[in-house]
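First up is the structure itself, then whatever we jot down about it.
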Amino acid sequence: MEYKKIFMYRAIQLAKNGLGMTSPNPMVGCVIERNGLILSEGWHYKVGMFHAEKNAINFVKDVSLLVDSTLYVTLEPCVHFGKTPPCVDLIIKNRIPRVVIGIKDPCDKVNGLGIKKLRECGIEVIENVLKNECRFLNKRFFTFYEKNRPYVILKWAQSYDGFMDDLIKKNSWISGVYSRQLSHKWRSEEDSILVGRKTVINDNPKLDVRKWFGNNPIRIVLDRNLSISDSYFVLDRTKYTIIFTEKKKENRRNTEFVQISFDKRVIKNILNYLHKKKILSLIVEGGKMTLESFIKEKVWDESRIFICNIFLKNGLEAPIISGKILRKKYIEKDKLVIKIPF
Ligand SMILES: NC(=O)c1ccc[n+]([C@@H]2O[C@H](COP(=O)([O-])OP(=O)(O)OC[C@H]3O[C@@H](n4cnc5c(N)ncnc54)[C@H](OP(=O)(O)O)[C@@H]3O)[C@@H](O)[C@H]2O)c1
C-alpha cells in the first residue's frame, strides 16, 4: 500500500495541540486522506473527551467517502471501553479500508490488540510509520508504561560560574524574564512539580503556572519532619499538593500528607507512589540536594539547564550532570542546554 509520511507528520503536529491536557491519556493526532488530499483531521483535546479518530471521523460531512480513504493515526487505535467507546469499532463501522499507525500502544489493554482486530476485519494496516517521532511525541506515556514511573525532567538555572544560589539573596533571579516564562510553560506541560524542603523555606515558591496559560501541575514537596509552616505558599490549599514526610498527618483540602520512609530508596518510593496515582510526568525544580538525589539514583529522562549571563562568584554549586546534549539554544542571554541520559 502507498502511504505518505507527510500525513503522519501532520497527525503528529495535530497531536501536539493536546500537550498538557490529555494526561493520563497520550496525545494523539489523526488525519483522514482520500486521493492524496486531507478529507478530515482531529486530535485528542483533553482527557475524558473524544479520541483523535472519533474527532476526525465526526468532521467528515459525507461519510460515504470514508470507504475509499486512509486513516493516519499517531498511536494504535484503542480496542477497549474507557471513557469513550473503542476507536477500532468506529473505524470498522465506517468501513475505512486502510489504517496507517505511527506506533503500537504500550498499554496492556491495547498493545497490539487494536491492530489485530482491524486486520481480522479485513482492514489493511501499516505499522511503525515515523515510529521514533511518534514515540518521542508521547515520551511521558511510554516511560510511564515501560518503566513504571513518571517521566522525570530536572530543571535549574545556574550562573555562568556554576552556582545555583548566592545564599545571601543578593540576586533574586539568576535567569532572565523569558527563561522564567518558558519555565512556566514547561510547568503547564507536566502533571507534577517537585522541590525539596530548603527551597520552600528559602524561596517560598508558588510552583504554579502564572506566566503562561495552562493547567497547574500537582505540587510536591519533600519535608521529612513537617517543618514547613502553613504560611508558605505550598501549604495555602489553593492547588493540589502532596507532602512526602516521615510524620503522620491528616490530609486536608487540596493537601495530601504521604508518610514514607526517607531511607536510601526515598526517590524510588516517591516515584512508585506517583505511578500508582497515574501521574505521567514530574518536573524537579530544585534545590541542589533534591536534584542530586535524582541524578544519583539515575532516575531522570531529561535535564533542562539555563546557564545564565551572571557571575555569583560564591554560593551553592549547581549539580553536575552528564548526558547527551539534545539541544542548545539561547533564550535572550541565557544558554539553555537540554540533555538526555547517555
Ligand atoms: N537556581 C535554581 O534553579 C534553584 C532552584 C531551586 C532552588 N534553588 C536554591 O537551592 C537552595 C536549596 O537547595 P538545597 O540543596 O539546600 O535544598 P533542597 O534540595 O531544596 O532541599 C533539601 C531538603 O529536601 C529534603 N530532601 C531532598 N532530597 C532528599 C533525599 N534524597 N532524601 C531525604 N531528604 C531529601 C531534605 O529535607 P529535610 O532536611 O527536611 O530532611 C533536604 O534537607 C535554595 O537556596 C534555593 O534558592 C535554586
Side-chain angles (χ1 to χ4, degrees), residues 152-184 186-187 193-208 211 217 219-229 232-235 241-247 249 257-274 282-300 302-321 331 334-339:
V152 175
I153 299 164
L154 307 181
K155 178 254 153 184
W156 71 86
Q158 64 183 61
S159 62
Y160 203 78
D161 49 352
F163 296 99
M164 64 188 302
D165 190 20
D166 62 5
L167 295 177
I168 48 170
K169 300 289 166 206
K170 261 196 317 210
N171 297 290
S172 48
W173 294 110
I174 295 178
S175 54
V177 59
Y178 291 111
S179 302
R180 299 204 303 271
Q181 186 179 37
L182 180 59
S183 303
H184 279 238
W186 289 343
R187 287 177 179 181
I193 179 166
L194 180 146
V195 293
R197 196 249 318 159
K198 289 187 182 165
T199 293
V200 172
I201 305 274
N202 290 1
D203 301 351
N204 193 15
K206 292 195 176 102
L207 304 180
D208 60 4
K211 300 174 198 293
R219 304 186 292 200
I220 303 172
V221 179
L222 309 189
D223 185 11
R224 185 197 292 247
N225 298 310
L226 291 182
S227 45
I228 297 171
S229 76
Y232 286 89
F233 286 122
V234 291
L235 289 177
T241 305
I242 301 173
I243 309 289
F244 283 102
T245 174
E246 270 185 349
K247 304 268 188 217
K249 187 159 176 166
F257 293 91
V258 181
Q259 204 177 9
I260 53 161
S261 149
F262 273 62
D263 59 13
K264 274 192 199 148
R265 284 187 48 85
V266 61
I267 299 298
K268 291 210 170 118
N269 293 342
I270 289 167
L271 294 178
N272 281 343
Y273 186 83
L274 301 184
L282 171 71
I283 184 158
V284 183
E285 285 206 4
K288 176 185 169 79
M289 178 180 172
T290 305
L291 289 160
E292 285 181 344
S293 310
F294 282 84
I295 297 170
K296 195 165 147 241
E297 289 296 316
K298 298 192 170 69
V299 276
W300 61 279
E302 221 177 288
S303 67
R304 300 178 182 173
I305 306 161
F306 291 108
I307 300 170
C308 307
N309 191 25
I310 179 173
F311 285 82
L312 294 180
K313 297 194 185 108
N314 232 315
L316 187 67
E317 280 176 27
I320 306 280
I321 191 160
I331 311 291
D334 300 339
K335 182 156 91 174
L336 169 65
V337 181
I338 301 186
K339 289 183 186 172

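All ligand and atom numbering here is 1-based and tracks the order in the structure. Since this is a predicted model, take the numbers as computed values, not measurements. Side chains are part of it too, since the values below use all heavy atoms of this structure and drop only hydrogens, waters and symmetry mates.
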Any side-chain heavy atom of Val284 within less than 4.5 Å of one from Val152? yes

[X] N/O under 3.5 Å from ligand 1 N/O:
{"X": "Phe262", "answer": "no"}
{"X": "Asn225", "answer": "no"}
{"X": "Lys155", "answer": "no"}
{"X": "Met289", "answer": "yes"}

Option of least heavy-atom distance to atom 27 (C) of ligand 1 (set: Ile270, Thr290, Ile267):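 Considering heavy atoms of Ile270, Thr290, Ile267, the nearest to atom 27 (C) of ligand 1 sits in Thr290.
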
Counting the benzene-type ring for Trp, do Trp156 and Phe163 have ring centres under 6.0 Å apart? no

Taking all non-hydrogen atoms of both residues into account, name the closest pair between Ser229 and Leu235 and its distance. O-CD1, 3.5 Å

Heavy-atom closest contact (Asp166 atom, Leu312 atom, distance):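 Looks like N-CD1, 3.9 Å.
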
[X] neighbourhood, listing ligand 1 atoms whose heavy-atom distance to it stays under 4.0 Å:
{"X": "Ala157", "result": "1 (N), 2 (C), 3 (O)"}
{"X": "Ser293", "result": "28 (N), 29 (C), 30 (C), 31 (N)"}
{"X": "Gly286", "result": "6 (C)"}
{"X": "Val266", "result": "30 (C), 31 (N), 32 (N)"}
{"X": "Leu316", "result": "10 (O), 11 (C), 13 (O)"}
{"X": "Arg224", "result": "33 (C), 40 (O), 41 (O)"}
{"X": "Lys288", "result": "13 (O), 14 (P), 15 (O), 19 (O)"}

Residue part near ligand 1, for [X], under 4.0 Å between non-hydrogen atoms:
{"X": "Thr199", "answer": "both"}
{"X": "Val195", "answer": "neither"}
{"X": "Trp156", "answer": "both"}
{"X": "Asp203", "answer": "side chain"}
{"X": "Glu285", "answer": "backbone"}

Check step by step if salt bridge (charged side-chain N to carboxylate O under 4.0 Å, His left out) holds for Lys268 and Glu297. CA-CA 8 Å; Lys268 291 210 170 118; Glu297 289 296 316; 3.4 Å; yes

Side-chain donor or acceptor of Ser179 paired with backbone N/O of Ser175 under 3.5 Å: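 No.
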
Backbone of Ile228 reached by a side-chain donor or acceptor of Asp223 within 3.5 Å: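 Between the backbone of Ile228 and the side chain of Asp223 there is a qualifying donor-acceptor contact (under 3.5 Å).
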
Checking Asp263 now: which residues fulfil side-chain contact (heavy atoms from CB on, under 4.5 Å) with it, not counting sequence neighbours?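 Testing Asp263 for side-chain contact (heavy atoms from CB on, under 4.5 Å), a comparison that skips the adjacent residues, returns Ser261, Arg265, Asn269.
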
Tyr160 and Phe311 aromatic ring geometry - parallel, tilted or perpendicular at 30°/60° bounds: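 Tilted, since the angle between the ring planes falls between 30° and 60°.
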
Pair Asn225, Ser227 - check side-chain hydrogen bond (donor to acceptor under 3.5 Å, both in side chains), show working. CA-CA 5 Å; Asn225 298 310; Ser227 45; 5.8 Å; no

In chain order, what residues pass the side chain to side chain donor-acceptor pair (under 3.5 Å) check against Arg304, with sequence neighbours excluded? Glu302

Ser227 to ligand 1, any heavy atom closer than 4.0 Å: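 The answer is no: ligand 1 sits nowhere under 4.0 Å from a heavy atom of Ser227.
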
